[in-house]
Amino acid sequence: MPSCPAHRARRARRVGQDRDRRRAVMLVGAMSGPLGGDHFTVSAEAARGARPRVGSAAATLALPGQDKAGARYDVELTVEDDAELCWPPERLVSAHGSDLCATTRVELTAGARFLLWEEQILGRSGEEPGRLTSRLTVRIAGRCVLDQGLARGSGAPGGWDGPAGLAGHRAVGQLDVVRPEFATDPPTDRTIAEGVADMPLAGPAALVTAVAPDALRLRRLLDEAAGALG
């Protein structure tokens with residue numbers, strides 16, 4: 001079950017049918033933000049045999065605050081053998097003037113299954129984004145298969161918005177998929193659609209990255225990518 005003082009976990013209706021039904025949990029914000037100076041931590045564990053789907057009731061909006069030190073949002077996930085965790089929270093929006101560092105650390109056993117869905121929107125409609133720094137680390141049976149850090153927005157190192165970065169796009173997302181069967185039958189490198197690429201990782205995992213001009217288009221691209229992965 002997820003835990004975080006700034007959020008409340010609420011059980012939602014089951015999704016799916018028969019033995020594939022998941023226990024759905026929604027994270028409901030107990031306070032606004034994160035604001036400058038806040039430090040939120042969310043942790044969740046899927047025990048053996050569990051198949052939870054953990055979402056959020058609304059988008060996370062990073063806002064400026066009186067504290068100029070910036071804010072932190074840490075997510076810590078653990079999945080055991082014969083368990084599957086689906087983690088598709090609503091989008092993260094970096095508002096003008098905000099400064100947020102978001103980290104996600106995932107620990108999986110060799111027999112675990114996992115799906116991470118991430119959407120980041122740089123700025124609200126008609127405004128420039130704040131500074132958003134993120135890092136995603138995934139370890140399977142103690143082996144690191146992904147350690148990716150990105151910085152975007154105001155104050156980020158130069159080049160983040162250039163041709164080798166977001167190329168003017170303001171919505172960026174990714175899917176990280178871990179399945180034991182990928183060890184013998186990994187997905188292939190491919191472009192799923194314009195702005196969407198699928199890349200196998202050094203382990204039973206794959207990473208899909210996507211860029212889009214807006215949140216609606218990004219959601220559609222990630223839906224298409226999820227369908228292509230099956």
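Throughout, residue positions are numbered sequentially from 1 according to the sequence presented. All values reported here derive from a predicted model rather than from experimental measurement.
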Open item on the list: Are R152 and S134 packed together at the side-chain level, in the sense that at least one heavy-atom pair is separated by less than 4.5 angstrom?
Closed with: yes
Open item on the list: Hydrogens and angles aside, do Q174 and Q148 bring a side-chain donor and acceptor to less than 3.5 Å of each other?
Closed with: yes
TODO: In sequence, state the C-alpha distance, the side-chain angles, and the governing distance for R51 and D82, and then conclude on salt bridge (Lys or Arg N to Asp or Glu O under 4.0 Å).
DONE: CA-CA 9 Å; R51 293 172 54 82; D82 194 33; over 6 Å; no
Open item on the list: Let me check something: do V177 and I192 share a hydrophobic cluster, defined by ILVMFWY side-chain heavy atoms less than 4.5 Å apart, either directly or through other members?
Closed with: yes
TODO: Report yes if the side chains of D161 and R170 come closer than 4.5 Å at any heavy-atom pair, otherwise no.
DONE: yes
Task: Cluster check L166, L100: I/L/V/M/F/W/Y, side chain < 4.5 angstrom - done: yes
Open item on the list: Does any part of the side chain of L77, heavy atoms only, come nearer than 4.5 Å to the side chain of F114, both counted from C-beta?
Closed with: yes
Task: Heavy-atom closest contact (V196 atom, A225 atom, distance) - done: CG1-CB, 4.1 Å
Open item on the list: What's the separation between atom CZ in R72 and atom NE2 in H39, rounded to the nearest 0.5 Å?
Closed with: 5.0 Å
Open item on the list: Quick check against the 3.5 Å criterion: does S94 have a side-chain atom that pairs as donor or acceptor with the backbone of G130?
Closed with: yes
TODO: Would you indicate whether the side-chain heavy atoms of L146 and D176 approach each other to under 4.5 Å?
DONE: yes
Task: V138 vs L108 side-chain heavy atoms within contact, under 4.5 Å - done: yes
Open item on the list: Which residue in the set T137, D74, T133 passes side-chain hydrogen bond (donor to acceptor under 3.5 Å, both in side chains) when paired with T103?
Closed with: D74
Task: Nearest heavy-atom neighbours spanning G111 and D81 - done: N-OD1, 2.6 Å
Open item on the list: To the nearest 0.5 Å, what is the distance between CH2 on W87 and CZ on R53?
Closed with: 12.0 Å
TODO: Identify the heavy atoms of T104 and V106 that sit nearest to each other, and give their distance.
DONE: CG2-CG2, 4.0 Å
Task: T109 (side chain) donor-acceptor with A141 (main chain) under 3.5 angstrom - done: no
- [ ] Give a yes or no on this: more than 12 heavy atoms of other residues, nucleotides or ligands lie within 6.0 Å of atom CD of Q66.
- [x] no
Open item on the list: Return the CG to CG distance between L207 and L136, rounded to the nearest 0.5 Å.
Closed with: 7.5 Å
Open item on the list: Any non-hydrogen side-chain atom of L35 less than 4.5 Å from a side-chain atom of P64?
Closed with: no
Open item on the list: Could you see if L150 belongs to whatever hydrophobic cluster contains L218? Use Ile, Leu, Val, Met, Phe, Trp, Tyr and a side-chain cutoff under 4.5 Å.
Closed with: no
TODO: For A46 and A83, work out which heavy atoms get closest and say how close.
DONE: O-CB, 3.7 Å
Open item on the list: Measuring from atom CG of L132 to atom CG of L92, what distance do you get when rounded to the nearest 0.5 angstrom?
Closed with: 5.5 Å
TODO: Quick one: closest heavy-atom pair of P157 and A151, and the distance?
DONE: CD-CB, 3.9 Å
TODO: May I ask you to decide if A71's main-chain N or O and D38's side chain share a donor-acceptor pair within less than 3.5 Å?
DONE: no
TODO: Please examine the side chains of R113 and P180, heavy atoms only from C-beta on, and report whether any two atoms are closer than 4.5 Å.
DONE: yes
Task: Side-chain heavy atoms of L85 within contact of V54, under 4.5 Å - done: yes
Open item on the list: How close do I140 and A110 get, counting heavy atoms only, and between which atoms?
Closed with: CG2-CA, 4.3 Å
Open item on the list: Please check: side-chain N/O of E90 versus main-chain N/O of A58, any donor-acceptor pairing under 3.5 Å?
Closed with: no
TODO: Please say which of R135, R105, R139 ends up in a salt bridge (Lys or Arg N to Asp or Glu O under 4.0 Å) with D147.
DONE: R135
- [ ] Can you measure from CH2 (W117) to CZ (R91) and round to the nearest 0.5 angstrom?
- [x] 10.5 Å
- [ ] Before accepting this row, confirm whether a basic side-chain N of the pair R219/E224 lies closer than 4.0 Å to the acidic partner's carboxylate O.
- [x] no
Task: Gap separating the CG atom of L229 from the CZ atom of R179, nearest 0.5 angstrom - done: 6.0 Å
- [ ] Output yes when R190 and D198 qualify as a salt bridge under the 4.0 Å nitrogen-oxygen rule, no when they do not.
- [x] yes
Open item on the list: Assigning hydrophobic clusters by single linkage (Ile, Leu, Val, Met, Phe, Trp, Tyr; side-chain heavy-atom cutoff under 4.5 Å), is F182 placed with V208?
Closed with: yes
Task: Heavy atoms of other groups near H169 NE2, more than 12 under 6.0 Å - done: yes
